[in-house]
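One structure below.
The figures that follow rest on heavy atoms only: side chains count, while hydrogens, waters and symmetry mates do not. The sequence lines fix the lettering, A, B, ..., with proteins before strands; numbering per chain opens at 1.
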Amino acid sequence: MLTQDNDQIQQRHRHLDEIIQLGHAAYPHRFDRTHTISSIVMQYQSYHGKREDEGEAARVNEELKGAGNGKIRLAGRIMQMRLMGKAAFAHLSDGGARLQIYVRKNDVGEAAWELYNKLDLGDWIGVEGFLFVTKTGEVSLHIHELQFLAKGLLPMPDKYHGVADKELRYRQRYVDLIASGAVQERAEGELTAREVFVKRAQIVRAIRDFFDERGYIEVETPMLTPLATGAAARPFVTHHNALDIPLYARIAPELYLKRLIVGGFERVYELNRNFRNEGLSIRHNPEFTMLEFYQAYADFNDLMDLTEELITGLVDEVCGSRQIPYQEHTLDFSNWQRLTMREAVLKYWPDHLQDKKPSLDDLMNRAALEAAAAALELGFDPKLNDGYLLGEIFAHVAEPHLINPTFITEFPTELSPLSKQNANDPRFVDRFELFIAQMEIANAFSELNDPAEQKRRFEEQMRQREGGDDEAMVMDEDYIRALSYGMPPTAGEGIGIDRLVMLLTNQRSIRDVILFPHMRPEAK
RNA sequence: GGGCCGUUAGCUCAGUCGGUAGAGCAACUGGCUUUUAACCAGUGGGUCGGUGGUUCGAGUCCACCACGGCUCACCA
């Protein structure tokens, strides 16, 4: 780890002491910049490499010298230093871009030169100077003023390779972010940690714009709740001292948002964290970001159209192409599929078991479902009801094939305690899940707004709970009361934002799209 | 929770068959006023994740533990 006391850390403390002795503040309060490094790099990109002959060099440098009246003031962290006797080059970073500075003893003066020699990689400095292009063609700042801004007391990661240790990258994300701009070779199109999180911010911004433009209002509902319900999951429990009651970190905002529809908000969305007390994996973090939105007078078919529009728009905006790489796949966002769960089972039924392939009707028949599970050599709990069994068969047969965006519809009622039943066939609900790259990205349905039926569904969930399923939903009496005041026909949807960001940034692990993923406590 | 892999200098990594712990970067000393993974010469830096065991001798073999990665199961 980077925090052990060693010769390098002692040396940096000595340098800081010496800087103070030279009369500089150890931690000065501010620095006036005229530009950011990123803006200079962007603006003068085209000058890069312009130095084929001396004549052109002189002309280019004469032009650059006037930029910003020759008094461009920049600040950043020192990423590389190359000392050459009485002159030096260094690269400064503002986190996003790097610019080379050129320091010459004659130009900065004795005092600043002395300061420069007490600087270490990772220190923050402010500089003033004029732009020029070096012999080797790099746009650089020839400085005549140097100000110390803050010390890096711990040694920087390898300037070329950066940080490879994933544990260190997740636990000390700040180090990952510092080093992710390192020169290290990356595969074509591979993003740095910083770029991933910048894209994540763009995606979240674009989602909010999308819903704001369509007349939704963004709301915030409780994160600490007396009941953990609205999803099938185990909650985190905490305790409220003043009230002396248990509180649960929410597992979903769903029931609160629908109360708002009852209250007369026709379109609401919430984009925030849910908490589920479950294991960690490449696709699961105990807290994750969920978008939920509800729209009165709409049904789940409307939301399929809306979802397609939302995600296609995001892909266009963030990726610039509808065919995007994701790990070993190419995802085609111009090719959306809609299948019922049973159709998907038939479509992806394994070739070598064609003789045992069930029919569409079979998949609603207990004996045939069990035969199908047996043919697939699927172990299953005989207590599972028909709906669960179909869900298991679907997950096994079809899910691995769902690479391009696919809406799966016609979910068994037993699997969907908050969804409205299909008008023609009450064994199924009007619900879909969206799968992309084998991941479940979205879940939506026409909302059950019959309070009596909702009460029956909760009671069924409670029976399953008593039967040992500690993820079955908890009864929410106040929600029944709210529905009893009348909720208009409504459709609602949840979209897992972390997973969507994974897709759009080609990240394999959810930990790579969460700044501070959950980790076991560090070993002491 | 199960299986597989990993943990060596501040960072990135070698370390053969069990026989005195290695490189590059970073640091230190000296040189160098357009370098760029700067360069040249020299120097220091290690509880080899931890604890036991086998052995004359363990970074290396064995057991257990910790942390991480991948994977299976569960889940969004």
Side-chain angles (χ1 to χ4, degrees), chain A residues 1-12 14-15 51 57 61 79-91 98-108 113 120-122 132-138 140 142 152-172 175 178-179 182-185 231-234 251-252 274-292 379 392 395 433-435 439-443 469-471 494-500 502 508-511 517 519-524:
Chain A
M1 281 293 172
L2 278 170
T3 46
Q4 287 164 5
D5 191 37
N6 66 19
D7 59 327
Q8 298 197 39
I9 294 171
Q10 288 166 15
Q11 174 60 34
R12 283 161 181 262
R14 270 198 299 279
H15 272 159
R51 186 131 182 197
N61 281 331
M79 303 305 289
Q80 290 181 22
M81 300 175 90
R82 291 174 291 280
L83 181 65
M84 294 174 306
K86 295 179 180 61
F89 288 93
H91 272 99
R98 293 175 177 212
L99 186 75
Q100 180 169 260
I101 61 168
Y102 179 51
V103 191
R104 210 160 64 162
K105 189 177 175 185
N106 308 52
D107 298 323
V108 292
W113 184 248
D120 293 298
L121 289 176
F132 74 112
V133 174
T134 63
K135 260 184 197 167
T136 48
E138 179 160 349
S140 307
H142 189 138
L153 290 169
L154 297 178
M156 288 290 111
D158 188 291
K159 66 182 174 188
Y160 186 66
H161 299 96
V163 183
D165 181 352
K166 284 197 171 181
E167 179 172 0
L168 201 147
R169 291 177 54 180
Y170 296 148
R171 286 193 196 279
Q172 299 179 240
V175 175
I178 292 168
V183 194
Q184 70 204 85
E185 299 119 4
R234 290 192 301 269
I251 56 175
N274 288 349
F275 307 86
R276 299 189 183 174
N277 206 337
E278 286 156 359
L280 308 166
S281 85
I282 199 167
R283 293 178 180 183
H284 298 85
N285 196 60
E287 54 180 300
F288 61 98
T289 301
M290 180 84 132
L291 164 71
E292 285 204 15
E392 292 283 311
E433 284 188 353
L434 171 61
F435 289 84
M439 278 195 288
E440 192 188 325
I441 298 298
N443 178 21
D469 180 358
D470 56 1
E471 295 194 347
I495 298 182
I497 299 304
D498 309 282
R499 290 183 176 178
L500 187 62
M502 285 166 69
R508 178 178 166 67
S509 169
I510 198 167
R511 291 191 197 98
M519 303 282 277
R520 272 175 214 269
E522 235 172 303
K524 289 286 176 199

- For I495(A), report the nucleic acid contact type (base, sugar-phosphate, nothing); a contact means any heavy atom under 4.0 Å. nothing
- Message: Using a 3.5 Å distance criterion without hydrogens, assess whether the side chain of R12(A) forms a donor-acceptor pair with backbone atoms of L121(A).
- Response: yes
- Query: Rounding to a whole Å, what distance do you find between L99(A):CG and U35(B):P?
  - Reply: 17 Å
- Item | Under 4.0 angstrom between R511(A) side-chain N/O and C70(B) OP1 or OP2 | yes
- What integer number of Å spans the P atoms of C25(B) and C40(B)? 8 Å
- Check whether any side-chain N or O of N61(A) sits under 3.5 Å from a backbone N or O of V133(A) as a donor-acceptor pair, and report yes or no. yes
- In whole angstroms, how far is the P atom of A27(B) from the CD atom of Q11(A)? 9 Å
- Item | Spacing between E167(A) atom CD and G10(B) atom P, to the nearest angstrom | 16 Å
- Could you measure between the two P atoms, the one in U33(B) and the one in U20(B), and give it in whole Å? 45 Å
- Message: Suppose you measure atom C1' in G59(B) against the same atom in G46(B); what distance do you get, rounded to whole Å?
- Response: 11 Å
- Message: By the 4.0 Å heavy-atom rule, please label M290(A) as base, sugar-phosphate, or nothing.
- Response: nothing
- Message: Can you tell me if R520(A) touches the phosphate of A66(B), counting only side-chain N or O atoms and a distance under 4.0 Å to OP1 or OP2?
- Response: no
- Message: Over all strands shown, is K86(A) touching base, sugar-phosphate only, or nothing at heavy-atom distances under 4.0 angstrom?
- Response: base
- Ignoring backbone atoms, establish whether N6(A) has a side-chain N or O less than 4.0 Å from OP1 or OP2 of G45(B). no
- Query: Could one point to a donor on the side chain of E138(A) or the base of U35(B) with an acceptor on the other under 3.5 Å away?
  - Reply: no
- Would you check if L168(A) and V175(A) make a side-chain contact, meaning some heavy-atom pair closer than 4.5 Å? yes
- Query: When you compare G50(B) with G68(B), how far apart are their C1' atoms, in angstrom units rounded to a whole number?
  - Reply: 15 Å
- Under 3.5 Å, side chain of N443(A) to main-chain N/O of E433(A), donor-acceptor pair present? no
- Query: To the nearest angstrom, how far is I178(A) atom CD1 from C25(B) atom P?
  - Reply: 22 Å
- Item | Nearest-Å distance for atom pair CD/P, residues Q8(A) and C25(B) | 13 Å
- Query: Using a cut-off of less than 4.0 Å, is there contact between a side-chain N or O of R171(A) and OP1 or OP2 of C67(B)?
  - Reply: no
- Query: If the C1' atom of A26(B) is compared with that of G10(B), how far apart are they to the nearest Å?
  - Reply: 7 Å
- Task: Would you please classify the geometry between the Y102(A) ring and the H142(A) ring as parallel, tilted or perpendicular, with 30° and 60° separating the classes?
- Result: perpendicular
- With rounding to whole Å, what would you report as the distance between A23(B) and G18(B) at their C1' atoms? 23 Å
- Item | Distance-only donor-acceptor test (3.5 Å): side chain D158(A), base G10(B) | no
- Task: For U34(B) and G44(B), measure between their C1' atoms and round to the nearest Å.
- Result: 32 Å
- Expressed in angstrom and rounded to an integer, what is the separation of M84(A) atom CE from U35(B) atom P? 7 Å
- Query: What integer number of Å spans the C1' atoms of C32(B) and A41(B)?
  - Reply: 12 Å
